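Worth saying up front: this structure is predicted, and the values here are computed from it rather than measured. Chain naming here is simple, since letters A, B, ... match the order of the sequence lines and numbering starts at 1 in each.
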Protein chains: 2
Amino acid sequence: MSDRLAIQTKCRKCPLRDMEIFRPLDEKELKVVSEFKTGELTVGAGATILLEENKTPHLYTILDGWAFRHKSLVDGRRQILNFAFPGDFLGLQLAVSSEMQHTVTALTQTTLCVFQRDEVWSVFKNNPKLAYSLTWMAAREEQLLDGQLLSIGRRTALEKLAYLILHLHDRAEAVGYAGNLAFDVPFKQEHLSDSLGITPVHTSRTVRKLLERNLITWVRDRIQILDREGLEQVALYESDHETRRPLI
Amino acid sequence: MSDRLAIQTKCRKCPLRDMEIFRPLDEKELKVVSEFKTGELTVGAGATILLEENKTPHLYTILDGWAFRHKSLVDGRRQILNFAFPGDFLGLQLAVSSEMQHTVTALTQTTLCVFQRDEVWSVFKNNPKLAYSLTWMAAREEQLLDGQLLSIGRRTALEKLAYLILHLHDRAEAVGYAGNLAFDVPFKQEHLSDSLGITPVHTSRTVRKLLERNLITWVRDRIQILDREGLEQVALYESDHETRRPLI
DNA sequence: CGGACTGTTGATCGGTATCAATGCTCGTGG
DNA sequence: CCACGAGCATTGATACCGATCAACAGTCCG
């Protein structure tokens, strides 16, 4: 399947803007974003969106779909750094370093708004509010990473897994990908392993524990949280009262 | 000992600006930074600079000293997220969330440039170049966290430790805190443990291994790298060709 | 000199990795 | 419609890394 490239969604009519969690843009911002956006790209599940060590001229916002950022050691051991949902901005690091230091891969078919790397600067010059939004998103990503780091460094396998499921559920829910404490799972257990820093075999056993304790069910690519409170206890979960966020 | 608060270092004469790694500011930027900076604060080793769940009105740049960011689970398990050196900006997350979600603690006596949180916005409005620098720093921090995450998730204890020592050395060296492959260590093994996500006991044994293999020495609060190449091999190290960076 | 910290060492335990076999699901082609 | 194979997930046996518990040593400092 070949990737399509076309401008399809007008920023002004972006479906994401109607969502609760996104801060509405004013007229001027909309105008700048519209100009900033140079195209739209749809890729299939499993496609590489951004590749480590590459110097692409493009930055992206996810319009629809589910992706993940990851990074590997030379011998192949892989670590998933974070997952990415609609509204998430990809490739900001290209504003810093000439090349990517991690890879981004699509989990589902994913539609992306495409921006030109060179024009980031003109956004800063022309619209401080949007520039601020970019910074906001970078800082937000940092917070998520802090949380992951704490989790991977200090939680046990069972705690990490419980935490990750809650985390993914909450982020999925925020963009309408989850409801009634359930969501469709676009990943394999292998992805959980690489996210938690444990083995696939151990992941399987750990998932099993959550099932046995009747905290969740996981059937046919769908996870249902049965006992949110119980799961939060296992996870040592602390909600991070997310506020409305910017969308570019 | 009480903290002192006074404007002592003129931005224009900031000693950090002479360092190789920092990008020089132009006249206009210097003017804005000077106005942005509202004071200078020196705290002793062990002092808390920013506290989780607090809503302080201040942001900081480290002028001199060595600090660390950390975060804990409710039961006390602690994870060190990153270390901070001169030129590093602290508290950017306050631009995003109303309160801090991690704590920053000084390892040595530390001198900080103090900025007002409310005025971040005016920096964005008045000087896009500086705004861009802030974003740059946020993205850079994200890269460091990505690296840590990979390390903690996928490296063995020995590999993590070797990696961390190289990482700290390189960052220390960049700001003149290391030379001839050696640097003064302001932390205890306990800090390494909390950074690597392992036990103090195991940290001790792991440090010992590096010593036995003649990769480093560690005497009287000073680490000397004896065999950089060997250490890099153990660490599966990949240097990240750092470029010049902004300083605010 | 005594006490508080920090680091070291040994013994043992437990969590997670590893290796290997089996089972399950689903798509494909005979 | 069934056979087959590919890719995941599960399960069991065993190994090992790192945790835990406990005692002791070294250093610093009052």
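Relative to the side chain of T199(A), the nucleotides dT11(D), dA19(D), dA17(C) differ in distance, and dA17(C) lies closest. Counting only heavy atoms from C-beta on, V201(B) has its side chain closest to dT9(C) among dT9(C), dT16(C), dC8(D). Considering only the side chain of S204(A), dT10(D) comes nearest among dT6(C), dC8(D), dT10(D). Distance from the side chain of T156(A) is smallest for dT16(C) among the nucleotides dT10(D), dT9(C), dT16(C).
Phosphate proximity of dC5(C) to Q189(B): absent, as no side-chain N or O sits under 4.0 Å from OP1 or OP2.
In this structure, R154(A) places its CZ atom 16 Å from C1' of dT16(C), rounding to the nearest Å. Put simply, CZ on R155(B) is 21 Å from P on dT16(C), counting in whole angstrom units. Atom NZ of K188(A) and atom P of dT25(C) are 14 Å apart (whole Å). Look at CD on E159(B): it is 14 Å from C1' on dA17(C), rounded to the nearest Å. One can place CG of D221(A) at 12 Å from C1' of dC26(C), the figure rounded to the nearest angstrom. Straight-line distance from the NZ atom of K160(A) to the C1' atom of dG15(C): 11 Å, rounded to whole Å. Between the C1' atom of dG15(C) and the CZ atom of R208(A) lies a distance of 19 Å, rounded to the nearest Å. Here dG14(C) presents its P atom at 13 Å from NZ of K209(A), a figure rounded to the nearest Å.
There is a side-chain donor-acceptor pair under 3.5 Å between E141(A) and N82(A).
Here the side chain of T111(B) pairs no donor or acceptor atom with the backbone of T42(B) at under 3.5 angstrom. Side-chain atoms of S195(B) do not come within 3.5 Å of backbone N or O of H191(B) as any donor-acceptor pair. Looking at Q143(B), its side chain never comes within 3.5 Å of a backbone N or O of H102(A) through a donor-acceptor pair.
When each of E190(B) and H202(A) is assigned the nucleotide of DNA chain C bearing its nearest heavy atom, the one mapping closer to the 5' terminus is E190(B). Each of T203(A) and R220(A) was assigned the nucleotide of DNA chain C with the nearest heavy atom; the assignment lying further toward the 5' end belongs to T203(A).
Ion pairing between D88(B) and R140(B) fails under the 4.0 Å rule for side-chain N and carboxylate O.
Side-chain atoms of R205(A) come within donor-acceptor range of the base of dT18(C), with a qualifying N/O pair under 3.5 Å.
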